[in-house]
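Every chain is numbered from 1, with letters handed out A, B, ... down the list of sequences. Please read all numbers here as calculations on a predicted model, not as lab measurements.
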Amino acid sequence: MRFMFKTDYEDDIRLFPHSGYLISYGSLLVLLVIAPFVLSSYLVSQLVFVCIYATVGVGLMILTGFTGQASLGHAAFLAIGAYTAAYLQQFNVPFPLYFVAAGLLTGIIGALVGFPALRLQGIYLVIATISFALIVEEILARWESVTNGNEGMRVKTIQLLGTAVPRDSPTFYFLCLGVLILTIVGTLNLLRSPTGRAFVAIRDSETAARSMGVNVSLYKVKSFAISAAITGFAGCLFAHKLSFISPEMFTLQLSIEFIIVILIGGAFSLHGAVLGAIFIVMIDPFLTYLKDDVPGMIAGMAAALGAGSERAAHIQSNVAAFASANGLKGAIYGVIIVLFVLFEPLGLYGRWLKIKLFFQLFPLYKRATFKRQKIYVKSERNR
Amino acid sequence: MSYFRAENLSLHFGGLKAVDAVSFAVEKGEILSIIGPNGAGKSSIFNLISRIYNPTSGRLHFEDQDITAAPAFEIAKLGIARTFQNIELFENATVLSNLLVGRHRHSTSQLWQELLFLPSVRATEKVHRRRVEQVIEFLDLAAYRDKLISGLPYGVRKVIELARALCSEPKLILLDEPSSGLNVEETDDMSFWIRDMKTELGVTVLMVEHDMTLVNRVSDRVIALNYGRVLAAGTPSEVQQHPDVVAAYLGA
Amino acid sequence: MSISFKVLGLAVSALALTHLPAAAQTKVTNEGISPTEIVIGTHQDLSGPIKVWGVPVSNGMKMAVEEINAAGGINGRKLRLILEDNGYDPKKAVLASQKMVERDKIFAMIGPMGSPTVLAAQDILFDAGVLQLFPLTAAEFTFKFDPAKPQERLKFNNLLPYVESTRAAIKYMMETKNFKKPCLMHQDDEYGKNVLDGFNQQLAAMKVTPASITSYKRGASDFSAPVAKMKSDGCDLVVLGTVIRETIGAMGEAKKLGWNVTFLGATPTNVLEVPALGKEAVEGLYAASGFEIPYEDTARGKVKDWLVNYKKMFNTDANTQAIIGYNAVMTFAYYVNKAGKDLTGQKVLDSLESGDKFLDIFNSPPTKFSKTDHLANTVTQVQQIQNGRWVLVKDNLMF
Amino acid sequence: MSVPDIILKLSNIESYYGPIMAIRGISLAVPRGKIVTLLGANGAGKTTVLKTISGIIDPQKGTIEFLGQPIQRMEADKIVRLGLSHVPEGREVFPFLSVRENLMMGAYPRRDRAAVTEDIERVYGYFPRLRERIDQAAGQLSGGEQQMLAIGRALMNRPTLLLLDEPSLGLSPILVKEIFSIIRRVNEEQGMSILLVEQNAKVALETADYGYVLETGRVVMNDTCERLMHSKDIQEFYLGAKEVGARAERRWKKKKTWR
């Protein structure tokens, strides 16, 4: 365990509290940089989706995790970013310009959504954001002169500095990674500034925040705008990664996926947003791997345990049939989410912190350290 | 002209008159205590001043400015800070970040500057931090600096709330039952802090309190309320000997 | 437009071919072909909003693979089918396609499901030289290709496009039954849009003004208002750009109003579920159709065996979707067989473009592709529900 | 008086808040029909002791015996059914339910309806003010009334043992007197045992029979209240008695290093 002696106020402001952080994040960055050159493009594609989802996750974390404002409308923000990019691209607007435009426009719309949301709390806010998402979906389908309606829009390859950046190239991956890193750094900067503290204050007690001079309405709108803008940037990348967008891609289900990203990852932390994105993107390919490989492994085991080759083949086909049963994936996915909500309300990041603490305290840890406390809720806070 | 004035302040909930034509004034550098039974309207007056409630009628003046219609966050910007009877801290944040929120009225940075964390932002952050550290030192909170609020005992939270209010460098501070949840020894400390606030920091104090020992030790003047009306006003001993106050509040 | 367009297209691409001999070389992969095996892939919606299509289609495909393998494979090569669930989510479709290309090394993608899913994933296949055959979407992008982009030659479709089939069916109905005031009710999505286009194009060609056009959002269940409106507009033919539930709903509503009008559905209404679930309400419905739907008691020979086998395999009755899935693999197998024993990707592409006709066991119109036309055919039938069954009214329709 | 019949016995209890040890091996006993009080500064662990007893926190070590039955790590709702009620700090009434409904929630584990009606009357007898506000939402009551309601609600369970956490918090001096006289009455009339946590040491010692003094999670002193009241330390630190002129010294002492 490392003991820290703070000698300067700078110590509390620093992004990396000590050199250990610098080393671990540095080596993570190195791994991420060499990844596209050693991994298959299938895996790199997954990483790209992780980056895009994590960016949305960070955006949603600002609004929901830090400011305490629920949203089930982030698919709509993603859509606005994506369509802005696709629309402007038709007029040969260069990528950097329409990328920025996608974020800005989405941010402005996010602020406009934030205004009516000022009077709403909890479940009412959820319903309002769902309605907003449905309206956006409807507009995308109807405003055919701009969005091409239900036929959707094709999105051309990015042209950056005169060269094409195909969607499965390492450059595209670096672009998405860069956007994610910039988003995270920007958010961390925000969190150590007055604005970020005002967000958290609003989340925990609006009354107290007001009495400390926080203009609650203004900061809620700001939070909506920032969250939406980040999602808009992600939307631009999302459109390019899929090379085709249509209204039916930006449904409530996608918004729910984003909520799961921060729920599974662990509310209240940016690490959580990234871990959640990894989970939600990787779980599907992971289950696919299981479906492909496990039947063979089980058959191999059966054979090793003395089952005849015919019997082993029989077992293999049975296991394979079970593993590829329709909807099994959905069921596993659902079970994992329920288990998380039940046993790890702090999400993946909470689990990681516990593992870290275990090793830091080793061998002095107590069982109690890892035990979930029954929490004493203050009923007056229920609004 | 008084430093702070409430004129004919009323707050009615339907037929219930929580505050009924209350007038009082606070002079600069004074410690004024409001006492009275539970439900007498003391906290309501605080909530009117900090604009959580809108008065049914009456006016509020601070430093020759009418603040009756100012929004809640403006009140804090004018230099009026407060604590809450039931404690309103930011539960899922550390003590340090709670106190830094107290500095909010002194923040000047723009959003884009914060996103980039420009050197100017960094410099002001350090200033905020230094101020917060002074308050931590003043209220002896160093042991709790990096703790989460949600795990702290009631009495400590009470002090942290006071600290958060002080971080905003207020001109007028409203303390709602500062000694509740504190034992005798801690209440003792509180009385010293309140006096120091007045003498060292030059803060004017308006306080609601039940502990008469504390009231006696720190107050320059006391007003007693009952059923939303002023029952008595004067020096601590005058008010305490007032027969209505004894009957309604202190008990024989 | 079709004929003239095709002629023009032929001329243009012929020109293009002569002028760009070097650039027009299509890369076709040989991955997935081994002396004993051919690996093919597909991604279907097995868990999302259109799993009523995805599940029977994949069943049909599995059945075809088993049949072919039981008969010794294609020139000694067995088929291995990799099936992935796309949940109608383009992200999953992209990842599934990449996985099948890189990990499973598929030779061809056969019958993938859904417009956004196919569109988002298809470049991945083309870049790797993998054929994309007979996707389950009638959108133009699955068969129209730009001769200047040689990799786009890898796409083929055998599904009857909605625009063309709707036009042919409307033309037939208007000409033979002398309707004067046709109306359209369509779903507000890409499919509905295609039916709308076909409707508008055909009426414009016949110089008839539509009496009314209404749309509804996917998932709607109450059609009293649009039906009442069409009635008051005095429609004599109602064209439906609907799927199963909405077809039944709209016709039931008309019956309730006592409105005796003729309904004509687009191809997606031509499925067994419509008469099975709609009962009397859908009696008399006409529909555009690609092939005849077989019934077990009247079917004979191979079709009869097929129906019995399907039921035995999957414990449920076969439907149109299953036939489409089955045919997709069978069509592929036919052209691979034609490509010969010494198999390469290029040979399969040549075989597909050779103009050879594939005839299925269901008596569908023949499948045929050429170097410039990658759409099998636009030959349309009109069928009608009579006594709870689909009955052929007229086949071999064009517009 | 024979050997007192002990109804609650804590032996060597250790509890944690996450990784922090909040109670470090506490043993105490509550005899039948007596009032026992816990004194101590903020953070000494008094509230944690009560939470550990009522099952809101599970202890890591030690045993808790209630009426001879081990109850450590038992679920809170089961413990309530055994006859142990907890009035938490900060009252925690159900703000949107009426006074009557709040009281009925207190009788939730009970099935004997007639007796419940009787008990409601008894509670109104102790707290006439609640009867006046019978249909008002609890959230609208003043602080003192909420405290009365919280105690009344706990009494509705007819507990053998009542845990009271800071009943005087935020109450006016007259109300503090009133509440404590009622606590005394409940104890005497119903023979109910009470474990009381209170910052106002003076009232607590006057009300209770026996006291424990906690500091940083340990019992540092325990005795009858009478003797505790005469102890020098208690007088200085908990009752605030000091000689005139000691102020300067006290100011210096407040920077205690062990705090």
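- Defined by atom type and a distance below 3.5 Å, a donor-acceptor pair is present between the side-chain atoms of B:S43 and B:Q85.
- Contact count versus chain B (heavy atoms, under 4.5 Å) is highest, among A:A201, A:G186, A:A209, for A:A201.
- Judged by distance alone, the side chains of A:S223 and A:Q69 never bring a donor and an acceptor atom under 3.5 Å apart.
- For B:H106, no part sits under 4.5 Å from any heavy atom of chain A, backbone or side chain.
- For chain A, the nearby part of B:V121 is the side chain; its heavy atoms alone come within less than 4.5 Å.
- With a 4.5 Å cut-off on non-hydrogen atoms, B:R130 touches chain A through its backbone and its side chain both.
- Between the side chains of B:S2 and B:H61, not a single donor N or O lies within less than 3.5 Å of an accepting N or O.
- Neither the backbone nor the side chain of A:L191 comes within contact range of chain B; no heavy atom of the residue lies under 4.5 Å from a heavy atom of that chain.
- The cationic atom of B:R51 (NZ for Lys, CZ for Arg) does not lie both less than 6.0 Å from the six-membered ring centre of B:Y53 and within 45° of the ring axis.
- Taking the centre and axis of the six-membered ring of B:F90, the NZ or CZ atom of A:R197 falls outside the cone set by 45° and 6.0 Å.
- Ring planes of B:F4 and B:F24: tilted class, angle from 30 to 60°.
- Of the listed residues (B:I52, B:N92, B:I75), the greatest number of heavy-atom pairs within a distance under 4.5 Å of chain A belongs to B:N92.
- In terms of heavy-atom pairs under 4.5 angstrom with chain B, the leader among A:V214, A:V200, A:L190 is A:V214.
- Contact of A:Y219 with chain B is made through the side chain alone, with heavy-atom distances under 4.5 Å.
- If you measure heavy-atom distances from B:L100 to chain A, the contacts under 4.5 Å come from both the backbone and the side chain.
- The greatest number of non-hydrogen atom pairs below 4.5 Å with chain B, out of A:L182, A:N189, A:V185, A:I226, is found for A:N189.
- Residue B:L78: no heavy atom, backbone or side chain, is found under 4.5 Å from chain A.
- The existence of a salt bridge linking B:E161 and B:R164 is confirmed by a sub-4.0 Å separation between a basic side-chain nitrogen and an acidic carboxylate oxygen.
- In the model, B:S109 has a side-chain atom that pairs as donor or acceptor with a side-chain atom of B:E114 under 3.5 Å.
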